[in-house]
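Report on the following structure.
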Amino acid sequence: MNFQVTVLKILVSHPDGFAVMADLKRDMAILATSGRDWADRTKRLAARVPKLDIFSQGLVERLNGGWRITEKGRSVLEFMEARSIERMTESVAPAVELPGSSPAATPLAARRSGRSQRLQRRRAARERARAKAC
């Protein structure tokens with residue numbers, strides 16, 4: 001798991017991009033134990049910005065009792081995620097171009113879309129298991 005990418009992802013998910021150290025540690029522990037998918041994802045994102053240093057590059061600032069992501073940090077994170085979405089859409093449908101203003105072009109929309117697809121697959125699997133049990 002890439003520590004610096006994880007810190008950026010955690011901070012961007014908190015209100016105003018600020019998290020106290022206790023919250024950061026708790027979220028880190030959850031993500032660190034969440035499985036191989038998270039570690040692989042952070043490695044892929046970190047590979048897109050090879051010399052990432054969140055403090056010396058001004059992506060995260062230390063404040064009284066916690067850390068806050070800066071606008072520059074948000075931009076770098078969006079850049080890393082946007083490149084992953086571009087690659088994903090190229091591998092899925094290379095002939096189809098997504099306009100920049102479409103909802104599918106944003107990282108949040110893509111994440112929601114993937115999440116809803118997973119939920120649908122889980123529901124279908126539960127229904128099949130219930131039908132089989134009867």
Side-chain angles (χ1 to χ4, degrees):
M1 173 177 65
N2 187 293
F3 170 78
Q4 297 191 38
V5 173
T6 301
V7 168
L8 290 174
K9 293 292 287 177
I10 290 171
L11 291 176
V12 82
S13 71
H14 281 265
D16 300 324
F18 177 80
V20 295
M21 292 306 295
D23 290 343
L24 277 168
K25 289 178 182 180
R26 183 196 67 232
D27 292 350
M28 279 279 208
I30 291 168
L31 292 171
T33 58
S34 66
R36 191 83 188 130
D37 290 341
W38 180 255
D40 292 342
R41 181 173 181 215
T42 56
K43 283 180 188 175
R44 282 192 307 273
L45 291 174
R48 295 187 181 108
V49 182
K51 296 189 179 191
L52 182 67
D53 188 345
I54 59 176
F55 294 110
S56 68
Q57 293 172 343
L59 308 180
V60 171
E61 58 186 0
R62 293 180 182 114
L63 294 176
N64 195 14
W67 294 349
R68 180 172 45 207
I69 189 168
T70 63
E71 285 304 314
K72 185 176 178 184
R74 289 179 190 274
S75 298
V76 168
L77 186 59
E78 287 174 12
F79 169 76
M80 289 189 299
E81 291 178 333
R83 288 188 58 189
S84 67
I85 288 176
E86 288 173 12
R87 287 184 182 173
M88 184 175 62
T89 57
E90 287 172 5
S91 65
V92 173
V96 178
E97 255 186 65
L98 295 174
S101 62
S102 76
T106 64
L108 183 60
R111 193 176 328 139
R112 285 183 181 155
S113 173
R115 191 175 296 149
S116 66
Q117 290 173 354
R118 285 192 303 274
L119 288 174
Q120 289 174 352
R121 287 193 302 265
R122 287 180 189 158
R123 285 185 191 125
R126 273 195 304 261
E127 289 175 14
R128 286 192 304 270
R130 285 183 190 143
K132 218 177 200 181
C134 292

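The figures here come from the full heavy-atom set of this structure, side chains too, leaving out hydrogens, waters and symmetry mates.
- For Arg48 against Phe79, the heavy-atom pair with the smallest separation is O-CE2, 4.2 Å.
- Taking the side chain as every heavy atom from C-beta outward, Leu59 and Gln4 never approach each other to under 4.5 Å.
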Query raised in the report: Hey, mind stepping through Leu77 and Leu11 against side chain to side chain contact (heavy atoms under 4.5 Å, CB included) and telling me if it holds?
Result: CA-CA 11 Å; Leu77 186 59; Leu11 291 176; over 6 Å; no
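- We find the CG-CG distance between Asp40 and Asn2 to be 12.0 Å, quoted to the nearest 0.5 Å.
- One hydrophobic cluster, built from ILVMFWY side chains closer than 4.5 Å, holds both Val7 and Met21.
- Contact of the Leu45 side chain with the Leu8 side chain is not registered, since no non-hydrogen atoms from C-beta on lie closer than 4.5 Å.
- Going from atom NE2 of His14 over to atom CG of Leu24 covers 6.0 Å, rounded to the nearest 0.5 Å.
- Side-chain atoms of Ile54 and Ile69, non-hydrogen and from C-beta on, never get closer than 4.5 Å to each other.
- Linking ILVMFWY side-chain heavy atoms closer than 4.5 Å, directly or via other members, places Phe3 and Val76 in a single hydrophobic cluster.
- Of all the heavy atoms in Thr70 and Gly58, the pair that sits closest is OG1-O, 2.7 Å.
- In this structure the side chain of Trp38 reaches within 4.5 angstrom of the side chain of Thr6, judged on heavy atoms.
- Using a 4.0 Å cut-off between a side-chain N of Lys or Arg and a carboxylate O of Asp or Glu, Arg41 and Glu81 qualify as a salt bridge.
- What you find for Lys72 and Gln57 is that their closest heavy atoms are NZ-O, 2.9 Å.
- In this structure, the side chains of Leu31 and Ile10 come closer than 4.5 Å at one or more pairs of heavy atoms.
- When hydrophobic clusters are built by joining Ile, Leu, Val, Met, Phe, Trp and Tyr residues whose side-chain heavy atoms come closer than 4.5 Å, directly or via intermediates, Phe18 is not grouped with Phe55.
- Between Lys43 and Val5, every side-chain heavy-atom pair lies at or beyond the 4.5 Å cut-off.
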